[in-house]
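Heads up: the structure comes next, in structure tokens.
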Amino acid sequence: MEREVRVRFAPSPTGPLHIGGVRTALYNYLFARHNGGKMLLRIEDTDSNRFVPGAEEYIIESLKWLGINIDEGVGHGGDCGPYRQSERRDIYRVYVKQLLDADRAYIAFDTPEELEAARAATPNFQYDASTRMSMRNSLTMPAEDVKNLIDAGEKYVVRFKIEPGRPVVVDDLLRGKVTIMSDILDDKVLYKSADDLPTYHLANIVDDHLMRVSHVIRGEEWLPSAPLHVLLYEAFGWSDTMPSFVHLPLLLKPDGKGKLSKRDGDRLGFPVFPLEWHDPASGNISSGYRESGYLPEAVINFLALLGWNPGDDTEIMSMDELIEKFSFDHCSRSGAKFAYEKGKWFNHHYLQQLDDARLAEMFKPVLRDNGVNPDEYSDEYIARVVGLVKGRINFVRDLWEQAAFFFKTPESYDPKAVKKRWSAETPAIMTELIDRLNALDDFSSQAAEQPILDWITAKGYHMGNVMNAFRLAVVGECKGPHMFDITELLGREESIRRIQLAIERLKTDEPAV
RNA sequence: GGCGAUUUAGUGUAGUGGCCUAGCACGCCACCCUCUCACGGUGGAGACCUGGGUUCGAUUCCCAGAUUCGCUACCA
């Protein structure tokens, strides 16, 4: 009864890995690790028409970035290889023949055009027991003709012969026993001679069997074809070792209806791919979580909770904690709308956990993008700036908006703040402030604050007006960290220079904006 | 259309035949903190799909319907 847990993530290299696929991979990984099992990566490239160069590398790099570690598979070794289905033709041929010999499958010559015609002629046409005897296949043609056609190079497919009239049960760990009648299944194509490759269904069953996969954990879109897979295991005589199935709920659009798509990301402004993707055919670039400033631990944490919970109110969990707590007992069965706003919150949270030096390193490229050479500042300066403003960011790039004034003198002043805080008497007070700042022995935040505040009070000035004018002059708008923390970092000279500059710029009736 | 799955606040979810005046988080609002913006703290608005049935009692069990999603390819 004790079976080694072996799960697989088996994407098609038809493009960048979708965030829903990432979650499927994650759940596979969490389940495997929780049970001390193995995680395999299999590339399902049986549709040569849809192959996209670079997709496989993209998938591998994505999983690596996210910390989903593969034990066996493409790019990771293992003794059940090859793990790329296009390299397993010899294996599939054997099993196709086995089904053919056992009369569980047959050869069909119907062309796509003929099938289309049949569908057009008969509403709800299905290639199954009710129609197969009127089609061009090895069931309706003399063996001689079949052989001749094949020898002549005629393209054909192998179809699974499904016997009608029997209930097929899929035992799903999440949904219980799902039963359907075999009648609704069609005689699925298992193999195409055109490219000497099986279709997903055959390859999937053969590989899962050969790779000793114990649990098939995949998206809900596979549930309808799971009975077919059960029948296939049966036809091969592998029912005893058939894996357990788990069909995960899908990730849905945040607003409207339907499955989450790339379009939704573009429309609502969030990535649907882990890494930035450059489409080789169109040249289009799709944004990725990594390039958008998300931390992998935030993405993992966020994704894990979209359809699963630990059974209590815990929300912040590292990969190790997720592994420890994960089980399908707490998986939901219904599709989850992709709540990307919460994803931002997770990122905010994980950003706060980072130490300032590390965050500062991540900030440097952003500085460069904004025309600031970070090498002109000490690492300590940047780290201290980051430390002061990080509480208000969701992404590393937000740091620029919050901290630009630490690197650039304000070029303009927020008009609304000017109107509210910069009155006719302000320049005189600011001039006075400059004197006070010059008089300070110690310009540190701690030492400077009290004397200045005392001065404001003693003079009977309005605290808010003076401090905000001060802030306006130094920052350019009424926002940012504690005022004296700012001036300490900027230094006395620069702080005073900015106040003087503001006095000059704002003395006319038409302030610079 | 057929088949299957699904259904707790705007969103992600917890939970139970009576302890539920249905918990938590994101988002939203207010207040506090405060020189500002944030952070943080406190509080607030906001949900058991509908209709039957079972039961002393149902959000929780049963049935029906509706909803939403998926599948219905020589795509995965």
Side-chain angles (χ1 to χ4, degrees), chain A residues 10-14 21 44-47 49-50 108 110-112 115-116 119 123-124 126-127 155-159 170 172 174-176 178-181 183-186 188-195 197-201 203-204 218-227 247 249-250 252-255 257-259 302 305-316 330 332-346 348 352 389-393 402 414 417 421 449 452-453 456 462-472 475 477-484:
Chain A
S12 275
T14 54
E44 309 222 325
D45 53 350
T46 53
D47 185 359
N49 299 321
R50 296 210 307 159
D110 316 271
T111 63
L115 289 171
E116 207 172 305
R119 289 192 187 100
N124 299 324
Q126 184 167 280
Y127 207 123
K155 297 283 179 274
Y156 65 92
V157 299
V158 173
R159 285 179 181 272
V170 178
D172 185 287
L174 255 190
R175 300 161 200 276
V178 177
T179 307
I180 62 108
M181 289 303 290
D183 304 60
I184 67 141
L185 265 16
D186 64 339
K188 269 279 174 288
V189 170
L190 300 179
Y191 169 87
K192 313 150 271 174
S193 73
D195 49 11
L197 237 25
T199 59
Y200 169 85
H201 304 289
N204 177 69
R218 75 234 293 196
E220 192 183 359
E221 71 267 30
W222 293 107
L223 189 52
S225 55
H247 290 95
L250 267 17
L252 274 21
K253 295 179 191 299
D255 52 357
K257 304 170 184 315
K259 224 158 93 168
F302 166 53
L305 257 14
L306 238 34
W308 172 84
N309 69 81
D312 56 35
D313 290 337
T314 314
E315 291 212 288
I316 300 298
H330 288 285
S332 101
R333 278 147 311 210
S334 51
K337 288 191 176 172
F338 192 73
Y340 63 99
E341 282 297 339
K342 189 143 186 182
K344 288 186 191 171
W345 176 79
F346 274 107
H348 169 84
Q352 307 311 308
V389 302
K390 68 176 180 182
R392 58 207 79 194
I393 61 160
Q402 297 301 327
D414 175 29
R421 303 293 191 180
E449 177 168 1
I452 299 298
L453 260 29
I456 294 171
H462 184 281
M463 181 70 72
N465 284 346
V466 177
M467 288 303 292
N468 278 297
F470 185 10
R471 178 177 293 278
L472 191 53
V475 176
E477 50 189 316
C478 291
K479 68 163 199 187
H482 191 68
M483 198 55 223
F484 296 95

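Atoms considered below: every heavy atom in the structure, side chains included; atoms not considered: hydrogens, waters and symmetry mates. Please read all numbers here as calculations on a predicted model, not as lab measurements.
Between S12(A) and D47(A), every side-chain heavy-atom pair lies at or beyond the 4.5 Å cut-off. By the 4.5 Å heavy-atom criterion applied to side chains, M467(A) and C478(A) are not counted as neighbours. In this structure, P224(A) and I184(A) have side chains that are not in contact, with every pair of non-hydrogen atoms separated by 4.5 Å or more. Residues P310(A) and L305(A) are in side-chain contact: their nearest non-hydrogen atoms beyond the backbone lie under 4.5 Å apart. A heavy-atom distance below 4.5 Å is not found between the side chains of R333(A) and D172(A). Residues N49(A) and D195(A) have side chains not in contact (no heavy-atom distance under 4.5 Å, counting atoms from C-beta outward). Side-chain contact between L223(A) and R175(A): present, with at least one pair of heavy atoms (C-beta onward) separated by less than 4.5 Å. Annotation: side chain of M463(A) is in contact with side chain of L453(A) (closest heavy-atom distance under 4.5 Å).
Between the CD1 atom of I316(A) and the C1' atom of rC26(B) there is a distance of 11 Å, given to the nearest Å. Atom CD in E341(A) sits roughly 8 Å away from atom C1' in rC26(B) (whole-Å rounding). Separating the CG atom of L223(A) from the P atom of rC3(B) is a distance of 15 Å, rounded to the nearest angstrom. Counting to the nearest Å, the P atom of rG23(B) and the CG atom of D313(A) are 11 Å from each other. Rounded to whole Å, the distance from CG on D255(A) to P on rG27(B) is 18 Å. Atom NE2 in H247(A) sits about 12 Å away from atom P in rA5(B), given to the nearest Å. Atom NZ in K344(A) sits roughly 14 Å away from atom C1' in rC28(B) (whole-Å rounding). Taking atom CZ of residue R218(A) and atom C1' of nucleotide rG70(B), one finds them 13 Å apart after rounding to whole Å.
The two residues K337(A) and K253(A) have their closest heavy-atom pair at CG-O, 3.4 Å. Closest approach of L174(A) and S332(A) over heavy atoms only: CD1-O, 3.9 Å. Residues I180(A) and P227(A) share a closest heavy-atom pair of CG1-CG, 3.4 Å.
T46(A) places no side-chain N or O within 3.5 Å of a backbone atom of L197(A) that could act as its donor or acceptor partner. Remark: the backbone N or O of I393(A) is paired with a side-chain donor or acceptor of H348(A) at under 3.5 angstrom. Under a 3.5 Å cut-off, the side chain of N204(A) and the backbone N or O of Y200(A) do not form any donor-acceptor pair. Between the side chain of T199(A) and the backbone N or O of V189(A), at least one donor-acceptor pair lies under 3.5 Å.
Spacing of C1' atoms, rU8(B) relative to rG46(B), comes out at 12 Å, to the nearest Å. Spacing between rU7(B) and rC39(B) at atom C1', rounded to whole Å, works out to 38 Å. Atom C1' of rG10(B) sits at a distance of 9 Å from the matching atom of rC28(B), rounded to the whole Å. A gap of 13 Å separates the C1' atoms of rU60(B) and rU55(B), to the nearest Å. Between rG53(B) and rG15(B), the two C1' atoms lie 24 Å apart (nearest whole Å). For the C1' atoms, the distance linking rA76(B) with rC71(B) amounts to 13 Å, nearest Å. Comparing the same atom, C1', in rG65(B) and in rA25(B) gives a spacing of 34 Å after rounding to whole Å. Here, rA58(B) and rA73(B) have their P atoms 46 Å apart, quoted to the whole Å.
Interatomic distance, OG1 of T14(A) versus CZ of R50(A), reported as 4.5 Å (0.5 Å rounding). One finds the CZ atom of R471(A) at 10.5 Å from the CZ atom of R421(A) (value rounded to the nearest 0.5 Å). Note: F470(A) CZ to M483(A) CE = 4.0 Å, rounded to the nearest 0.5 Å.
Residue G480(A) is the one, among G480(A) and L250(A), whose nearest nucleotide of RNA chain B lies closer to the 5' end (criterion: closest heavy atom).
For C478(A), the side-chain atoms get nearest to rU36(B) when compared with the rest of rA5(B), rU36(B), rA14(B). Of all nucleotides listed (rA14(B), rC35(B), rG4(B)), rG4(B) comes nearest to the side chain of I180(A).
Dashed line: the shortest gap from a side-chain N or O of N124(A) to OP1 or OP2 of rG1(B) is not under 4.0 Å.
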In dot-bracket form, how is RNA chain B paired, counting a Watson-Crick or G-U wobble pair only if both its distances are under 3.5 Å and using | for bases paired to another strand?
(((((.(..((((....[....)))).(((((.......)))))....(((((..]....)))))).)))))....
In 5'-to-3' order, the base (B), backbone-only (S) or no-contact (-) status of each nucleotide in nucleotides 71-76 of chain B, using a 4.0 angstrom heavy-atom cut-off, is S--BBB
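Residue R471(A) is in base contact, counting any heavy-atom pair closer than 4.0 Å across all strands shown. Among the atoms of the strands shown, base atoms are found under 4.0 Å from some heavy atom of P481(A). G343(A) comes within 4.0 angstrom of nothing in the nucleic acid, heavy atoms only.
Around CD of E116(A), the count of heavy atoms belonging to other residues, nucleotides or ligands within 6.0 Å does not exceed 12.
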Give every pair of a protein N or O atom and an N or O atom of nucleotides 59-62 of chain B that lie under 3.5 Å apart, one pair per line with the distance.
none

Atom pairs under 3.5 Å: protein N/O with N/O of nucleotides 10-12 of chain B:
unit_1: rG12(B); atom_1: OP1; unit_2: K337(A); atom_2: N; d: 2.8
unit_1: rG12(B); atom_1: O2'; unit_2: L305(A); atom_2: O; d: 2.9

Heteroatom pairs (N/O) under 3.5 angstrom, protein to nucleotides 38-46 of chain B:
unit_1: rA38(B); atom_1: N3; unit_2: R392(A); atom_2: NH2; d: 3.3

Pairwise N/O distances under 3.5 Å, protein to nucleotides 30-32 of chain B:
none

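By the 30° and 60° cut-offs, the orientation of the rings of F302(A) relative to F346(A) is tilted.
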Verify side chain to side chain contact (heavy atoms under 4.5 Å, CB included) between H482(A) and E449(A), making sure each step is shown before the conclusion.
CA-CA 10 Å; H482(A) 191 68; E449(A) 177 168 1; 2.9 Å; yes
